[in-house]
Amino acid sequence: MELEIKNILVGELYTNCYIVKNKATGEGFIVDPGDDDVKIFAHIAKMEMTPMAILLTHGHIDHMGAAEALKERYQIPIYVSEKEEQVLLNPTYNLSAILGSGPRNLCADHYLKDGEKIQIAGVELKFILTPGHTQGSGCYYIKDANLLFSGDTLFCASRGRTDFPGGSEAQIVKSIREKLLLLPEETDVLAGHMEQTTIGDEKRFY
């Protein structure tokens with residue numbers, strides 16, 4: 001499977017927003033559109049990609065701030081963990097009460113269960129629930145491309161913060177050790193912040 005992936009830094013926290021295009025179909029999806037909707041629109045047009053969905057790794061404002069604008073422009077659904085619904089709806093939990101332009105909430109269209117597989121733009125993705133950063137934090141794994149979108153669970157030589165509402169250091173370490181590090185070592189990890197890494201490289205730290 002050949003994917004074209006564009007990483008765009010968005011928002012004041014420099015979140016990695018990923019635009020993913022299946023070259024075989026011309027269709028694709030957006031992962032964690034945290035802000036800067038106009039910038040994201042421009043890159044989608046430049047890639048000549050037809051958006052089919054928005055995938056959220058979790059509900060913090062710096063990962064979902066532009067989701068509603070994208071949904072309205074392209075008439076596409078939003079996917080997120082079933083355990084993240086209350087985070088999206090609560091400005092205190094999703095941090096919009098203290099970050100960005102003011103309190104925000106968001107309703108998703110599809111709420112995913114741990115291990116659920118979805119087909120989008122001719123690509124099969126597996127949702128992996130990885131609580132710790134938030135209770136409903138999760139990752140999207142594309143086995144055919146050896147690729148993981150890890151959100152704010154696993155970073156390069158680091159991991160996500162656990163001092164926000166619903167966070168747990170014990171849970172995030174357990175999620176990484178018992179779920180993510182079981183993936184093939186050659187799996188490329190595209191995180192919510194900072195640079196790309198691999199599962200093999202991250203095993204050194206756990």
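Source: prediction; values computed, not measured.
- With hydrogens and angles disregarded, a donor-acceptor distance shorter than 3.5 Å links the side chain of Arg204 to the backbone of Asp201.
- One finds the NE2 atom of His133 at 8.5 Å from the CZ atom of Arg161 (value rounded to the nearest 0.5 Å).
- Within the structure, salt bridge (Lys or Arg N to Asp or Glu O under 4.0 Å) pairs that include any residue of residues 86-110 comprise Lys71-Asp109 (at least two apart or interchain).
- Summarising the hydrophobic clusters (Ile, Leu, Val, Met, Phe, Trp, Tyr; side-chain heavy atoms under 4.5 Å, direct or chained), the residues clustered with Leu125 are Met1, Leu3, Ile5, Tyr18, Val20, Phe29, Val31, Met52, Leu55, Tyr79, Leu112, Ile118, Ile120, Val123, Phe127, Leu129, Tyr140, Ile142, Leu147, Phe149, Leu190.
- Checking Asp62, Asp152, Asp36 one by one against Thr15, the side-chain hydrogen bond (donor to acceptor under 3.5 Å, both in side chains) holds for a single residue, Asp62.
- Taking every heavy atom of both residues into account, Met194 and Phe155 meet most closely at CE-CB, 3.3 Å.
- Between the CD atom in Glu116 and the NZ atom in Lys113 there is a gap of 7.5 Å [rounded to 0.5 Å].
- Applying the 6.0 Å contact sphere to NZ of Lys126 captures no more than 12 heavy atoms from other residues, nucleotides or ligands.
- With rounding to the nearest 0.5 angstrom, the CD atom of Glu202 is 5.5 Å from the SG atom of Cys156.
- Proximity of a side-chain donor or acceptor of Gln135 to a complementary backbone N or O of Gly132 within less than 3.5 Å is not detected.
- When atom types are taken as modelled, the side chain of Tyr14 and the backbone of Gly11 share no donor-acceptor pair closer than 3.5 angstrom.
- Taken from NE2 in His43 to CE in Met49, the straight-line distance is 12.0 Å, to the nearest 0.5 Å.
- Applying the side chain to side chain donor-acceptor pair (under 3.5 Å) rule to Asp35 yields no partners; only residues at least two apart in sequence or on another chain are considered.
- Counting Ile, Leu, Val, Met, Phe, Trp and Tyr side chains that sit under 4.5 Å apart, directly or through other members, Tyr93 shares a hydrophobic cluster with Val87.
- Atom CD1 of Ile30 sits about 5.5 Å away from atom CD1 of Ile54, to the nearest 0.5 Å.
- Of all non-hydrogen atoms in Leu154 and Leu180, the two that sit nearest each other are CB-CD1, 3.9 Å.
- Residues satisfying the side chain to side chain donor-acceptor pair (under 3.5 Å) criterion with Lys83, sequence neighbours excluded, are absent altogether.
- For Ile40 against Ala66, the heavy-atom pair with the smallest separation is CD1-CB, 4.2 Å.
- Contact detail for Thr25 and Ala121: the closest heavy-atom pair is OG1-O, 3.5 Å.
- Sparse packing is recorded around CD of Glu68, with 12 or fewer heavy atoms of other residues, nucleotides or ligands lying under 6.0 Å away.
- Side chain of Asn94 to backbone of Ser96: a donor-acceptor contact under 3.5 angstrom is found.
- Considering CZ of Phe164 and OG of Ser137, their distance stands at 11.0 Å, rounded to 0.5 Å.
- For the pair Pro51 and Ile76, the tightest heavy-atom approach, listed with the atom from each and the gap, is O-CG2, 3.3 Å.
- Under 4.0 Å is where a charged nitrogen must lie from a carboxylate oxygen, and between Glu48 and Lys21 no such pair does.
- Take Lys23 and apply the salt bridge (charged side-chain N to carboxylate O under 4.0 Å, His left out) test, not counting sequence neighbours, and it matches Glu2.
- Qualifying side-chain contact (heavy atoms from CB on, under 4.5 Å) partners for Ala69, counting only residues two or more places apart in sequence or in other chains: Asp37, Phe41.
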Query raised in the report: Would His58 and Val80 count as a side chain to side chain contact (heavy atoms under 4.5 Å, CB included) if you check the C-alpha gap in whole Å, the side-chain angles of each, and the deciding distance to 0.1 Å?
Result: CA-CA 7 Å; His58 63 290; Val80 74; 6.0 Å; no
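- Judged as a side-chain contact (heavy atoms from CB on, under 4.5 Å), and not counting sequence neighbours, the contacts of Thr187 are Tyr141, Leu148, Leu183, Pro184, Ile199.
- Judged as a side-chain contact (heavy atoms from CB on, under 4.5 Å), and not counting sequence neighbours, the contacts of Ser168 are Ala170, Gln171.
- For the pairing with Leu95, the side-chain contact (heavy atoms from CB on, under 4.5 Å) check across Leu13, Thr134, Asn90, Ile61 returns one residue only, Ile61.
- Side-chain rings of His63 and His193 approach one another, their centers coming within less than 6.0 Å.
- In this structure, Thr153 and Thr57 have side chains that are not in contact, with every pair of non-hydrogen atoms separated by 4.5 Å or more.
- Side-chain heavy atoms closer than 4.5 Å link hydrophobic residues (I, L, V, M, F, W, Y) into clusters, and following such links, even through other members, never connects Leu9 to Ile44.
- Remark: the Thr50 side chain and the Glu27 side chain contain no N/O donor-acceptor pair separated by less than 3.5 Å.
- A search for side-chain contact (heavy atoms from CB on, under 4.5 Å) contacts involving Ser175 returns Thr130, Pro131, not counting sequence neighbours.
- Within the structure, salt bridge (Lys or Arg N to Asp or Glu O under 4.0 Å) contacts touching residues 179-192 (residues at least two apart or in different chains) are Asp114-Lys179, Glu185-Lys203.
- The side chain to side chain donor-acceptor pair (under 3.5 Å) pairs that include a residue from residues 4-13 are Asn7-Asn16, where partners are two or more places apart or lie in different chains.
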Query raised in the report: Is there a side-chain hydrogen bond (donor to acceptor under 3.5 Å, both in side chains) between Thr162 and Glu169 once you walk through the steps?
Result: CA-CA 6 Å; Thr162 57; Glu169 184 69 13; 3.1 Å; yes
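- Heavy-atom minimum distance, Val189 versus Ser150: CG1-OG, 3.4 Å.
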